[in-house]
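Quick notes on the structure that follows.
This structure is a prediction, so every number in the text was calculated from the model and none was measured. In the text below, chain A, chain B and the rest are named by the order of the sequence lines, each starting its count at 1.
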Amino acid sequence: MPELPDVEGFREVLSSCGRGRRVTRVEVRDPGVLRGVTVRRLRTEVEGERFGEPRRHGKWLIAPTDDGPALVWHFGMTGALLCTPADEPLDRHDRVVLTLDDERQLRYRDQRKLQGVQLAGNEAAVGHILADLGPDALSVSREEFRELLHGRRGAVKNVLMDQSVVAGLGNLLTDEILWRAGVAPDSVAGELTEEETRSLYAAMRRVLASSVRVARVPPRRTWLTGRREDPDPRCPRCEGPLRSRRFSGRRTLWCPHCQSRSHRVERDIHPGKGG
DNA sequence: CGCCCGTCCTGTCCGC
DNA sequence: TGCGGACAGGACGGGC
């Protein structure tokens, strides 16, 4: 589930529910989600601490405590962060439960445990965890976006999903953005025209804005995402059949009619310098 | 650099 | 009813 918009929602949950509150109890119900930290250390370092203002970078959520370390969360494919009353029955997938001083709880719920939670002792440690990430997708300017794609020989689908290029875009968002922009996923990223690049950037901004508003990629029928589960998926724009293929092992859908792939490896020399 | 594969996990669905 | 395999909105490391 979690791509940038979902994690932005979790940040909001953490901010409204946890910020300014003290953690009275840390309960690790499944140590399998702890990364590089023991149950004991998590408890001793976090119990008694007060949450500061959380922030997000790509699909990562950073939860600093006032005077101590920061919790650094990643939600993998199935993770979520919930704020519940302390007496609400536990879900079988509630892996870490933080009880706050107002009788509410922050719960890290995750079925598959593909990622988890780390503990960073200070800002430098947070920086180390996030070191390989590109800029957050929401913070990228049009010009910076152009530079990120510049010179890349890979398929644009793979490049956009690469967290070290730009952080936050996952499989669904990327398909949605490419479809909106009318760009085929197997286009070579560095070979896109100026117009295609602008179109891609505009689509990214719009898709992100709409998705962040509802804290998920909305499965509307007018979006490509809303057609993914159909037995015979069709383009929301032209109703033609969608094509399906794997990129980086991920199922990718696109409309061969609405999404062009005009620019590939073999191209004529184009005049002008273009930047 | 860029792509492909396996691996880490759990759960569901589909076909035999 | 049982079972193997594929697949699911992610990331990482190894190999080519």
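Taking the centre of each ring, A:Trp73 and A:Tyr108 come in below the 6.0 Å mark.
Under the side-chain hydrogen bond (donor to acceptor under 3.5 Å, both in side chains) criterion, A:Glu144 pairs with no residue, sequence neighbours left out. In this structure A:Glu229 satisfies the side-chain hydrogen bond (donor to acceptor under 3.5 Å, both in side chains) test with no other residue, sequence neighbours excluded. When the side-chain hydrogen bond (donor to acceptor under 3.5 Å, both in side chains) test is applied to A:Arg234, the partners found at least two apart in sequence or on another chain are A:Asp232. Every residue two or more places apart in sequence or in another chain that forms a side-chain hydrogen bond (donor to acceptor under 3.5 Å, both in side chains) with A:Thr84 is listed here: A:Arg107.
Screening residues 15-47 of chain A for ring pair (Phe, Tyr, Trp, His ring centres under 6.0 Å) gives no qualifying pairs among residues at least two apart or on separate chains. For the ring pair (Phe, Tyr, Trp, His ring centres under 6.0 Å) condition, the pairs that include at least one residue of residues 195-225 of chain A, sequence neighbours left out, are A:Phe145-A:Tyr201. Listed by first then second residue, pairs satisfying disulfide bond (SG atoms under 2.5 Å apart) with a partner in residues 83-132 of chain A read A:Cys17-A:Cys83, not counting sequence neighbours.
B:dC4 and C:dC7 have their P atoms separated by 15 Å, given to the nearest Å. B:dG2 and C:dG9 have their P atoms separated by 24 Å, given to the nearest Å. If you take atom P in B:dG6 and the same atom in C:dA6, they sit 10 Å apart, rounded to whole Å.
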Worksheet item: For DNA chain B, what string of dots and brackets results from 5' to 3' when Watson-Crick and G-U pairs need both distances under 3.5 Å, crossing pairs get [ ], and pairs with another strand get |?
Response: .|||||||.|||||||
Throw together a table of side-chain donor-acceptor distances under 3.5 angstrom for residues 168-175 of chain A, partners on residues two or more places apart or in other chains.
unit_1: A:Asn171; atom_1: OD1; unit_2: A:Lys157; atom_2: NZ; d: 2.5
unit_1: A:Asn171; atom_1: ND2; unit_2: A:Arg251; atom_2: O; d: 2.9
unit_1: A:Thr174; atom_1: OG1; unit_2: A:Gly170; atom_2: O; d: 2.6
unit_1: A:Asp175; atom_1: OD1; unit_2: A:Lys157; atom_2: NZ; d: 2.6
unit_1: A:Asp175; atom_1: OD2; unit_2: A:Arg228; atom_2: NH1; d: 2.9
unit_1: A:Asp175; atom_1: OD2; unit_2: A:Leu253; atom_2: N; d: 2.9

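Against DNA chain B, the stretch residues 5-18 of chain A makes no heavy-atom approach under 4.0 Å. Residues of residues 223-236 of chain A that place a heavy atom closer than 4.0 Å to DNA chain C do not occur.
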Worksheet item: Which letter, B, S or -, goes with each nucleotide of nucleotides 4-11 of chain B from 5' to 3', with contact meaning a protein heavy atom under 4.0 Å?
Response: ----BBBS
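Closest non-hydrogen pair, A:Leu106 versus A:Gly18, comes out as CD1-CA, 4.1 Å.
Inspection of the A:Glu53 and A:Ser15 side chains reveals an N or O donor paired with an N or O acceptor under 3.5 Å.
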